[in-house]
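Only one structure is covered here, and it is reproduced in the block below.
Naming convention: chains lettered A, B, ... in sequence-line order (proteins, then strands); numbering from 1 in each chain.
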Protein chains: 2
Amino acid sequence: MKQAEELEAPSTRERILAAALDLFTEQGFDKTSLREVSERVGVTKAALYYHFRSKEEMLSSLVERAHGIGHHGFDVLPLFNGPIDFAAALGTFSALLDQVLSNRKIFVLMERNRTAIEGLGDHDPAHQEEHRQLERQWAEFVANPKISLRDRVRVSAALGAVMAGAVGTTRGLGTDAPEGLKDELLSVLRDLFGLAQPA
Amino acid sequence: MKQAEELEAPSTRERILAAALDLFTEQGFDKTSLREVSERVGVTKAALYYHFRSKEEMLSSLVERAHGIGHHGFDVLPLFNGPIDFAAALGTFSALLDQVLSNRKIFVLMERNRTAIEGLGDHDPAHQEEHRQLERQWAEFVANPKISLRDRVRVSAALGAVMAGAVGTTRGLGTDAPEGLKDELLSVLRDLFGLAQPA
DNA sequence: GTCTATAACCAGATAGAC
DNA sequence: GTCTATCTGGTTATAGAC
């Protein structure tokens with residue numbers, strides 16, 4: 001995510017990642033061979049192995065960025081252990097929304113390659129641990145009996161709505177950044193959380 | 001979905017599908033080999049080929065049921081070509097919700113194997129055609145300029161909320177049918193659609 | 001830093017006996 | 001309807017030259 005990427009000539013490594021991102025998203029991780037990636041980049045298959053230990057490390061590198069985002073968003077989950085402060089939750093979701101909107105491509109990749117990403121830790125234990133923890137936190141939240149079913153469903157629905165709105169729209173519209181989408185989704189969140197709409 | 005399945009001894013074919021459903025969901029379609037499926041069922045790999053032409057046909061058979069459901073739900077989409085009648089939409093989503101809740105396992109499978117299902121038509125053109133049409137209808141709806149952005153976002157968010165609520169909850173809670181979940185999600189939909197909550 | 005060549009492997013699928 | 005045995009093909013990954 002250094003800004004230099006778009007100014008300098010992109011390094012081979014970056015070009016590989018860009019090609020992999022597109023192919024993994026279009027065809028799926030498992031159905032994309034390294035041969036295809038190398039052909040698109042214009043290097044040989046073996047050259048990929050200079051830059052990445054394995055195919056999984058490519059996926060790993062791509063998903064890494066999104067993990068930081070999820071981390072920030074989900075860090076607050078353990079704090080929810082009773083009636084939810086929806087005004088505060090709106091702030092969290094708003095920040096999450098920003099991140100998702102400005103990293104749409106990666107979130108589409110993740111949405112479409114869930115199983116591949118989950119089974120990723122075999123060669124990358126650190127990554128797996130981070131992922132497992134996120135999953136566990138969410139599972140615990142969803143099943144937490146100290147929180148009313150209503151509140152859990154609302155938060156869960158909010159997450160689904162944000163993802164569907166931000167990611168689902170992207171697929172239909174290509175790579176457009178739809179004007180006003182963020183405001184509409186914030187409005188959705190307020191309705192979901194029982195908060196007043198601003199003038 | 002014949003009721004007999006649970007009363008009679010399940011046929012080999014059904015046992016294969018059940019094992020495949022579990023394995024495909026847990027590990028992903030691509031990472032599950034026919035050897036694993038055959039071992040779990042207690043037959044040999046070759047025996048699978050008596051019941052199914054290919055691995056893809058297994059997935060195809062599993063997803064078939066859900067397609068009918070999506071079909072009914074999305075059939076109404078082309079009718080949306082202006083301001084949306086949210087009271088009517090609530091009925092559609094309510095029916096969809098029923099179907100998703102009573103077929104959770106298959107929807108989890110679909111959520112986690114999107115790319116595999118999309119690339120499925122190579123050996124099954126009829127299936128592909130149905131899928132493509134569903135995708136197209138949705139894409140057209142999402143991008144339809146005759147419908148206000150607000151309304152499109154609301155419908156999109158509603159779909160995401162229903163799926164997240166019904167499917168996401170399932171993974172956390174195993175195969176439980178959470179009491180009251182449906183009512184909570186209907187309530188979410190009413191808020192999303194600007195409809196009054198019933199007494 | 002990129003190539004050629006090849007290793008090593010395992011998947012999906014088929015043929016034909018029983 | 002299920003088995004044994006086998007084929008074919010593409011995949012990831014490595015060794016070592018340039």
Once you round it to whole Å, what is the distance between P of C:dC3 and NE2 of A:H51? 9 Å
Which word best sums up how the rings of B:F80 and B:F141 line up, parallel for under 30°, tilted for 30 to 60°, or perpendicular for over 60°? tilted
Would you kindly give the NZ-to-P distance between B:K31 and C:dG12, to the nearest whole Å? 13 Å
Determine whether a donor-acceptor pair (N or O, by modelled atom type, separation under 3.5 Å) exists between the side chain of B:R154 and the backbone of B:L192. yes
Reckon B:T32 touches a base, only the sugar-phosphate, or nothing at all at heavy-atom distances under 4.0 Å? sugar-phosphate
Nearest-Å distance, CG (A:L34) to P (D:dT11)? 9 Å
Of all the nucleotides listed (D:dT12, C:dT14, C:dT2), which has the minimum atom distance to the side chain of B:A46? C:dT14
Among D:dC3, D:dA13, D:dT11, which is the nearest nucleotide to the side chain of A:R35? D:dT11
Are B:E39 and B:R35 ion-paired here, with the side-chain N under 4.0 Å from a carboxylate O? yes
Would you say B:T44 reaches D:dC3's phosphate, i.e. side-chain N/O to OP1/OP2 under 4.0 Å? yes
Given D:dC3, C:dC3, D:dT11, the nucleotide with the shortest approach to the side chain of B:A47: D:dC3
Is the distance from OP1 or OP2 of D:dG1 to the nearest side-chain N or O of B:Y50 less than 4.0 Å? yes
